[in-house]
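First comes the structure, then the notes that go with it.
Indexing begins at 1, ligand by ligand and atom by atom, following the structure's order.
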Amino acid sequence: MSLIKLINLPSFGDDRGGLVAIESNQSIPFEVKRLYYIFDTTDKPRGFHAHIDLKQVAICLKGSCRFILDNGSTKEEITLDDPTRGLVVEGLIWREMHDFSYDCVLLVLASEHYSEQDYIRNYDEFQGMVERRNND
Ligand code: TYD
């Protein structure tokens, strides 16, 4: 099964412009407790972590960026450049974001409030956790 899960967001664009409406537990498969956005990006990549429980949907509102998703055995990548599509990232997945366009605005919807305890920021620790889960 692909690591790349894209959802089409409800889009109501017309000749006046684009409009996307997002509702918790509707197009987004969880209750949104937090959102954050990344902007004024540089050539520096971001992410380089996994989460234990958090579910997220990333939507590139403007510009583009490249996501790499890694479940410990497979890596897949996708370039987000469409504000009507969301990338669902859930489960034990290492994520990296690269190649931000100068104008990139990346919105992320999250299922939980911020908790540093939910982060795995060390790749070896991530792989150890994947192996323990596979052996359970
Ligand atoms: P981080 O998640 O490491 O950024 P990225 O994965 O995009 O590289 O977050 C960067 C900093 O911002 C870190 O000190 C934690 C803080 N932060 C919050 O306080 N709340 C949040 O909701 C997020 C996403 C980050």
Enumerate the atoms of ligand 1 whose separation from the nearest heavy atom of Arg34 is less than 4.0 angstrom.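 Every atom of ligand 1 under 4.0 Å from some heavy atom of Arg34: 21 (C), 22 (O), 23 (C), 24 (C).
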Look at the side-chain heavy atoms of Ile, Leu, Val, Met, Phe, Trp and Tyr, link any pair under 4.5 Å apart, and say whether Phe67 and Ile4 land in one connected group.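 Yes, Phe67 connects to Ile4 through the hydrophobic network.
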Please write down residue, atom name and distance for the protein heavy atom closest to [atom].
atom	value
atom 17 (N) of ligand 1	Tyr114 CE1, 3.7 Å
atom 10 (C) of ligand 1	Arg46 NH2, 4.3 Å
atom 8 (O) of ligand 1	Gly47 N, 3.0 Å

Residue-level breakdown please: for His49 versus ligand 1, do any non-hydrogen atoms fall below 4.0 Å on the side chain, on the backbone, on both, or on neither?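 His49 to ligand 1: side-chain contact only, backbone stays beyond 4.0 Å.
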With heavy atoms only and a cut-off of under 4.0 Å, state how Val108 meets ligand 1: side chain, backbone, both or neither.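 Near ligand 1, Val108 shows nothing, with every heavy atom at 4.0 Å or more.
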Looking at ligand 1, does any of its N/O atoms fall within less than 3.5 Å of an N/O of Ile38?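 Checking ligand 1 against Ile38, no N or O pair falls under 3.5 Å apart.
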Before signing off on this row, confirm whether Tyr36 and ligand 1 have an N or O atom pair separated by under 3.5 Å.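 The answer is no, given that Tyr36 and ligand 1 share no N or O pair closer than 3.5 Å.
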Heavy atoms, side chains only, cut-off 4.5 Å: are [X] and [Y] in contact?
X	Y	answer
Pro29	Lys55	no
Asp14	Leu19	no
Ser24	Val32	yes
Glu90	Phe30	no

Roughly how far apart are Tyr37 OH and Lys62 NZ, rounded to 0.5 Å?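 One gets 15.5 Å once the value is rounded to the nearest 0.5 Å.
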Between Arg95 (side chain only) and Ile93 (backbone N and O only), is there a donor and an acceptor less than 3.5 Å apart?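 Flag set: sc Arg95 to bb Ile93 pair under 3.5 Å.
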Any sub-3.5 Å donor-acceptor pair from Ser27's side-chain atoms to Ile22's backbone N or O?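 The answer is no, because no donor-acceptor pair under 3.5 Å joins these two groups.
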Should Tyr119 be listed as contacting ligand 1, given a heavy-atom distance under 4.0 Å as the test?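 Right, Tyr119 reaches ligand 1.
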Any heavy atom of Arg121 sitting closer than 4.0 Å to ligand 1?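 In this structure, Arg121 qualifies as a contact of ligand 1 - some heavy atom is under 4.0 Å.
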Protein heavy atoms: any of them under 4.0 Å from atom 20 (N) of ligand 1?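 For atom 20 (N) of ligand 1 the answer is yes, since some protein heavy atom falls inside 4.0 Å.
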Atom 2 (O) of ligand 1: protein heavy atom closer than 4.0 Å?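 Under the 4.0 Å cut-off, atom 2 (O) of ligand 1 does have protein heavy-atom neighbours.
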